Amino acid sequence: MSQNEARYTIRSLFVTALVAIVGTVLVLELSGSIKHSDNKDHVPVGDFKAIHITPGETFRMSPKASELHAVCENGYMAIAADTDPSFRGILVDYKNRGVRCYRPSPTAPAALPEPEQPAVPAREAGNE
């Protein structure tokens with residue numbers, strides 16, 4: 001080996017890479033190139049998948065229930081958190097199309113069903 005050959009230690013290469021990454025992120029942050037959204041309306045609630053079940057076929061599912069529940073919202077399936085009912089999102093497919101929670105009749109006009117009315121308790125229904 002010649003005397004003019006530069007020698008670098010592994011530690012110096014790691015430190016150089018770390019400084020380069022941190023410096024890049026700081027420059028992008030200060031220049032405004034990294035966007036941070038405060039709008040929680042477009043944040044995904046979760047990632048879901050469908051399991052195709054055929055008769056007689058077994059599948060494994062966790063015995064613990066998730067902290068989410070589904071409701072029908074204006075004809076589309078909405079997922080809401082059990083801990084915060086105001087945190088709700090519409091279920092969409094990979095092309096951002098809403099998943100319906102009803103099956104439209106092929107002969108009926110294409111209209112959304114009316115929202116369900118809350119049930120009147122029996123003791124109040126008798127007073128009317």
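The chain is numbered in sequence order, starting from 1. Remember, it's a predicted structure, so these values are computed and weren't measured experimentally.
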So CD1 of Ile90 and CD1 of Ile79: to nearest 0.5 Å the spacing works out to 9.0 Å
To the nearest 0.5 Å, how far apart are OG1 in Thr58 and CD1 in Ile53? 10.0 Å
Do Val99 and Tyr94 belong together in a cluster built from hydrophobic side chains that touch within less than 4.5 Å? no
Can you tell me which residue pairs pass the salt bridge (charged side-chain N to carboxylate O under 4.0 Å, His left out) test with a partner in residues 73-83, sequence neighbours excluded? Glu73-Arg88
Who pairs with Asp84 by salt bridge (Lys or Arg N to Asp or Glu O under 4.0 Å), at least two apart in sequence or on another chain? none
Apply salt bridge (Lys or Arg N to Asp or Glu O under 4.0 Å) to Arg97 and list each qualifying residue two or more places apart in sequence or on a separate chain. Asp93
Please tell me if the side chains of Val25 and Val27 come closer than 4.5 Å, counting only heavy atoms from C-beta onward. no
Quick one: list whatever passes side chain to side chain donor-acceptor pair (under 3.5 Å) with [X], sequence neighbours left out.
X: Thr54; answer: Glu57
X: Ser62; answer: none
X: Thr83; answer: none

Shared-cluster residues of [X], by chain and number - hydrophobic side chains joined below 4.5 Å:
X: Leu18; value: Val22, Leu26
X: Phe14; value: Ile10
X: Val15; value: Val19
X: Leu30; value: none

On a heavy-atom basis, which atom in Leu68 and which in Ala81 lie closest, and how many Å separate them? CD2-CA, 3.8 Å
Side chain to side chain contact (heavy atoms under 4.5 Å, CB included) with Ser33: which residues, sequence neighbours excluded? Leu28, Ser31
Donor-acceptor contact present, side-chain Lys95 to main-chain Val92, <3.5 Å: no
Not counting sequence neighbours, list each pair that qualifies as a side-chain hydrogen bond (donor to acceptor under 3.5 Å, both in side chains) and has a residue in residues 16-30. Glu29-His36
